[in-house]
Amino acid sequence: ASQEIVVSPPEDAPLSRAHWTLMAVLVIALIIDIMKPASLGFTIPGMIEEYGVPKQTASLVPFFALVGTVFGSIVWGIIADIYGRKASILLSAVMFVGTSICGAMPSLYWNIGMCFMMGAAAGGMLPVTYALLAEMMPSKHRGWSLVLVGGLGSVGGYFAASGLSALLQPEFGWRILWLLNLPTGLSLVLLGALIPESAKFLLARGRREEAQRVMKRFG
């Protein structure tokens with residue numbers, strides 16, 4: 001049904017408060033998302049020292065995280081089409097909360113498994129976020145808004161990872177960077193109240209009243 005429905009904002013529709021709020025929320029979401037894989041570079045040295053493994057073995061952690069990123073980008077695309085954009089973003093947030101248990105893992109191999117899940121959540125959320133923003137923004141403003149949100153999210157994610165590592169890791173060790181998945185994931189769950197669902201998805205599922213409210217809100 002969604003293939004037969006065309007939902008598009010007017011070409012010259014002005015940006016409203018709803019658009020700016022959505023952009024701000026998605027920037028925060030991308031910062032939290034990109035911060036997860038960016039933290040790997042700051043945790044690997046601590047893992048090598050604590051677990052007493054060679055660098056070749058420790059390199060499996062980022063490898064499986066990247067494999068999870070590819071896996072997540074495919075699976076989350078399917079989930080977003082079946083259950084909606086908002087639901088798939090919130091699924092990533094819940095998985096971020098779950099992977100905070102990496103901060104208490106007793107062995108490297110448990111960390112490798114959890115990093116795969118973390119990578120899947122991070123890789124899956126990224127394209128869904130862009131898809132949602134593209135569907136909500138008027139085509140006149142779509143290009144620069146996508147670049148702006150993506151740029152701020154990427155820079156903010158790496159800055160957050162490096163800044164928190166500099167502030168917290170000397171005092172609490174490398175595990176604190178994984179434990180931070182708990183508050184950041186919960187923050188993203190709370191921000192879900194400000195993330196709208198795609199109007200096209202709502203119409204395709206017969207939720208016409210909800211779709212009309214979203215379309216009215218975003219012009």
Side-chain angles (χ1 to χ4, degrees), residues 26-80 88-130 150-191:
L26 292 184
V27 165
I28 298 173
L30 285 178
I31 289 174
I32 294 173
D33 181 69
I34 294 172
M35 173 187 163
K36 308 309 175 188
S39 299
L40 287 172
F42 304 101
T43 58
I44 294 297
M47 290 182 182
I48 294 174
E49 181 179 356
E50 181 173 332
Y51 295 132
V53 296
K55 294 180 180 179
Q56 294 87 340
T57 303
S59 66
L60 291 174
V61 174
F63 174 76
F64 275 90
L66 290 174
V67 171
T69 300
V70 176
F71 174 80
S73 63
I74 298 172
V75 173
W76 258 249
I78 299 172
I79 293 175
S88 58
I89 292 175
L90 292 177
L91 175 61
S92 290
V94 172
M95 288 185 66
F96 289 153
V97 174
T99 53
S100 65
I101 199 173
C102 280
M105 286 299 179
S107 71
L108 177 69
Y109 296 101
W110 281 104
N111 274 282
I112 291 174
M114 296 304 292
C115 278
F116 174 84
M117 296 180 62
M118 181 270 292
M125 179 179 156
L126 193 63
V128 174
T129 300
Y130 287 128
L152 291 176
S154 299
V155 173
Y158 283 100
F159 182 80
S162 59
L164 290 171
S165 175
L167 290 173
L168 301 177
Q169 198 166 359
E171 183 71 23
F172 300 102
W174 64 271
R175 292 178 180 272
I176 190 63
L177 295 179
W178 289 143
L179 294 174
L180 286 173
N181 286 358
L182 178 60
T184 54
L186 290 176
S187 299
L188 188 54
V189 171
L190 295 176
L191 286 174

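Here, residue 1 is the first one in the sequence, and each next residue gets the next number. Please read these numbers as outputs of a predicted model, since none were measured by experiment. The basis for the numbers below is simple: all heavy atoms, side chains too, and nothing from hydrogens, waters or symmetry mates.
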I'd like to know if the side chain of [X] and the backbone of [Y] have a donor-acceptor N/O pair within less than 3.5 Å.
X    : Y    : answer
W76  : A121 : no
T69  : A65  : yes
R175 : M105 : yes
S154 : G151 : no

As an exercise, state the distance from [atom1] of [X] to [atom2] of [Y], rounded to the nearest 0.5 Å.
X    : Y    : atom1 : atom2 : answer
S92  : I79  : OG    : CD1   : 8.0 Å
L90  : L188 : CG    : CG    : 7.0 Å
S39  : I176 : OG    : CD1   : 11.0 Å
L26  : M125 : CG    : CE    : 7.5 Å
E49  : I44  : CD    : CD1   : 13.5 Å
Y109 : F64  : OH    : CZ    : 10.5 Å

Using side-chain heavy atoms (C-beta onward) and a distance below 4.5 Å, is [X] in contact with [Y]?
X    : Y    : answer
L177 : L168 : no
F172 : L167 : no
Y130 : P127 : no
S162 : F42  : yes

Inset, instruction - Output, in order, the C-alpha distance, side-chain angles, deciding distance and verdict of side-chain contact (heavy atoms from CB on, under 4.5 Å) for M35 and L164. - result: CA-CA 10 Å; M35 173 187 163; L164 290 171; 3.3 Å; yes

Can you give me the closest heavy-atom contact between [X] and [Y], atom names plus distance?
X    : Y    : answer
G98  : M114 : O-CE, 3.8 Å
W178 : C115 : CZ2-SG, 3.8 Å
V53  : I48  : O-CG2, 3.3 Å
L152 : I31  : O-CG1, 4.0 Å
S88  : V128 : OG-CG1, 3.1 Å
T99  : M118 : CG2-N, 3.8 Å

Inset, instruction - Carefully, step by step, assess F96 and T184 under the rule side-chain contact (heavy atoms from CB on, under 4.5 Å). - result: CA-CA 8 Å; F96 289 153; T184 54; 5.5 Å; no

Inset, instruction - Tell me, with the steps shown, if D33 and T129 meet side-chain contact (heavy atoms from CB on, under 4.5 Å). - result: CA-CA 10 Å; D33 181 69; T129 300; over 6 Å; no

Inset, instruction - Measure the acute angle between the ring planes of F71 and F116, then classify it against the limits of 30° and 60° as parallel, tilted or perpendicular. - result: tilted

Legend entry - Flag for E50-W174: side-chain donor and acceptor within less than 3.5 Å: yes

Legend entry - M117, CE: over 12 other non-hydrogen atoms inside 6.0 angstrom: no

Legend entry - Greater than 12 external heavy atoms within 6.0 Å of I101's CD1: no

Inset, instruction - Walk me through it: do V97 and N181 pass the test side-chain contact (heavy atoms from CB on, under 4.5 Å)? - result: CA-CA 6 Å; V97 174; N181 286 358; over 6 Å; no

